[in-house]
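Each remark here refers to the structure printed beneath this line.
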Amino acid sequence: MSLLNEQAICAQLKDFNPLNIYLFSSIDSTNRFLKEQPVHTQKTTLGITDICCAETQTAGRGRLGRSWHSPFGENIYCSIRWHFNCDFSALSSVGLVVSLAIINALRIIGIDVLLHVKWPNDILWQHQKLSGILIEASSEEKSLIIGIGLNVNSKTKEHPLPDKAWCSLLDIVGKEVDRNLIIAQLVKEVSCYLNVLISKGFKAFLNEWQAVDYLLGSKISISTPVGVLHGSAQGVTEKGQLCLKDALGTVHCLSSGEASFRHDNLPF
Ligand code: BTN
């Protein structure tokens, strides 16, 4: 097992100076830690000022109040503080964009297999979860904490999880992958993709999204804050909202929710 190494990560991130890198052997949650750090006055032009990674998390947070399985020394648990200078309402698709950035980072380091994103931001390989993203508001106005959990070297088949099918890069490529290299590439790609989001909007990513859209054309149910909707997934809007066509032909555009596949015989 090779451990996280600050110098190895920094060596690849010279453009991001000054970048504060916090590495922990063990922490409750990298997102929690970064949220509570004071903001440094000097910002990088690339928008990212702080990253926090840990070998394990004792209370890793997932979306919708779930926990994130964080075994020691195997995977990436990384939080990034990103400063933005646009209106918050322009950022509704951040999660989708970060998932595309992760897929591109993996492609650049040679992991060029077909991955899918289950809206809004679960990355899947062969229907199993490879990566999840949790975005939280930072204590500072105009910055977000972007938490990335990426399964890298876990032997997932030897340690199945009770509630979901999971997989790792080890399952995909058949050998251990250098986590320091991936963290550096993730930071670069997340920064690059978010800068495009700011300058061009999510529409610049629509084609890229379509190529990985896991739900497209499927019969799904979505739990939303106001109840469950049933229909077929029709892709996403230029703001990253999920389009769901119901039995009456009405298209609902949803900004949040949790999708599941339906196994009934209804024709919509
Ligand atoms: C999900 O539920 O799919 C999102 C999981 C996000 C997990 C990451 S691991 C690094 C960061 N710190 C946390 O506590 N959570 C995120």
Quick one: does any side-chain atom of [X] pair with a main-chain N or O of [Y] as donor and acceptor, under 3.5 Å?
X: T250; Y: D246; value: no
X: S218; Y: I220; value: no
X: S70; Y: W68; value: yes
X: N31; Y: L134; value: yes
X: S138; Y: K35; value: no
X: S92; Y: K239; value: yes
X: W209; Y: L100; value: no
X: N153; Y: V177; value: yes

Rounded distance (nearest 0.5 Å) linking atom [atom1] of [X] with atom [atom2] of [Y]:
X: T58; Y: I27; atom1: OG1; atom2: CD1; value: 8.0 Å
X: L13; Y: E6; atom1: CG; atom2: CD; value: 11.0 Å
X: S143; Y: H83; atom1: OG; atom2: NE2; value: 5.0 Å
X: K129; Y: L150; atom1: NZ; atom2: CG; value: 11.5 Å
X: Y193; Y: I198; atom1: OH; atom2: CD1; value: 16.0 Å
X: C52; Y: Q37; atom1: SG; atom2: CD; value: 8.0 Å

Looking at residues at least two apart in the chain, or sitting in another chain, which of them share a salt bridge (charged side-chain N to carboxylate O under 4.0 Å, His left out) with [X]?
X: E208; answer: none
X: E55; answer: R179
X: E258; answer: R63, R66
X: K118; answer: none

Any side-chain heavy atom of [X] sitting closer than 4.5 Å to one from [Y]?
X: C243; Y: T237; result: yes
X: L229; Y: L254; result: yes
X: F72; Y: L3; result: yes
X: I123; Y: V212; result: no
X: I102; Y: L130; result: no
X: F88; Y: L144; result: yes
X: W82; Y: V190; result: no
X: F202; Y: L96; result: yes

Under the criterion side chain to side chain contact (heavy atoms under 4.5 Å, CB included), I'd like the reasoning laid out for V94 against L197: C-alpha separation, chi angles, the key distance, then a yes or no. CA-CA 8 Å; V94 164; L197 175 65; 3.9 Å; yes
Enumerate, atom names and distances included, each donor-acceptor pair closer than 3.5 Å involving a side-chain atom of residues 108-115, sequence neighbours excluded.
none

Going by atom types only, do T30 and S79 share a side-chain donor-acceptor pair under 3.5 Å?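 T30 vs S79: donor-acceptor pair found between side chains.
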The single option from I48, T49, D50, I9 passing side-chain contact (heavy atoms from CB on, under 4.5 Å) against L19: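 For L19, the side-chain contact (heavy atoms from CB on, under 4.5 Å) test succeeds with only one of I48, T49, D50, I9, which is I48.
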Taking side-chain hydrogen bond (donor to acceptor under 3.5 Å, both in side chains) as the definition, give me every residue that meets it alongside [X], ordered by chain and number, with sequence neighbours left out.
X: K157; value: Q128
X: S191; value: none
X: D28; value: R32
X: S26; value: none

In terms of relative ring orientation, are Y214 and F261 parallel, tilted or perpendicular, with 30° and 60° separating the classes?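 It falls in the perpendicular class, over 60°.
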Check the orientation of F24 and Y22. Use parallel for under 30°, tilted for 30 to 60°, and perpendicular for over 60°.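 F24 and Y22: parallel rings.
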Can Q12 and N180 be said to form a side chain to side chain contact (heavy atoms under 4.5 Å, CB included), step by step? CA-CA 9 Å; Q12 321 230 11; N180 298 306; over 6 Å; no
Would you sort out whether F16 and K188 count as a side chain to side chain contact (heavy atoms under 4.5 Å, CB included), showing the intermediate values? CA-CA 9 Å; F16 287 82; K188 286 186 206 170; 4.1 Å; yes
Let's go through H69 and H159 carefully: what are the C-alpha distance in whole Å and the side-chain angles of both, what is the deciding distance for side chain to side chain contact (heavy atoms under 4.5 Å, CB included) to 0.1 Å, and is it a yes or a no? CA-CA 11 Å; H69 182 55; H159 304 282; 5.6 Å; no
Look at atom CD of E36 and say whether more than 12 heavy atoms of other residues, nucleotides or ligands are closer to it than 6.0 Å.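 Yes.
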Through direct or indirect side-chain contacts below 4.5 angstrom among Ile, Leu, Val, Met, Phe, Trp and Tyr, which residues connect to V251?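 V251 shares its hydrophobic cluster with no other residue.
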Partners of C192 by side chain to side chain contact (heavy atoms under 4.5 Å, CB included), sequence neighbours excluded?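 C192: no side chain to side chain contact (heavy atoms under 4.5 Å, CB included) contacts found.
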I'd like to check the side chain to side chain contact (heavy atoms under 4.5 Å, CB included) partners of K175; sequence neighbours left out, ordered by chain and number.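 In terms of side chain to side chain contact (heavy atoms under 4.5 Å, CB included), with neighbours along the sequence ignored, K175 is linked to V173.
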Decide whether V187 and I145 are clustered together by the hydrophobic rule: side chain heavy atoms of Ile, Leu, Val, Met, Phe, Trp, Tyr closer than 4.5 Å, transitively.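 Different clusters: V187 never reaches I145 through Ile, Leu, Val, Met, Phe, Trp or Tyr contacts under 4.5 Å.
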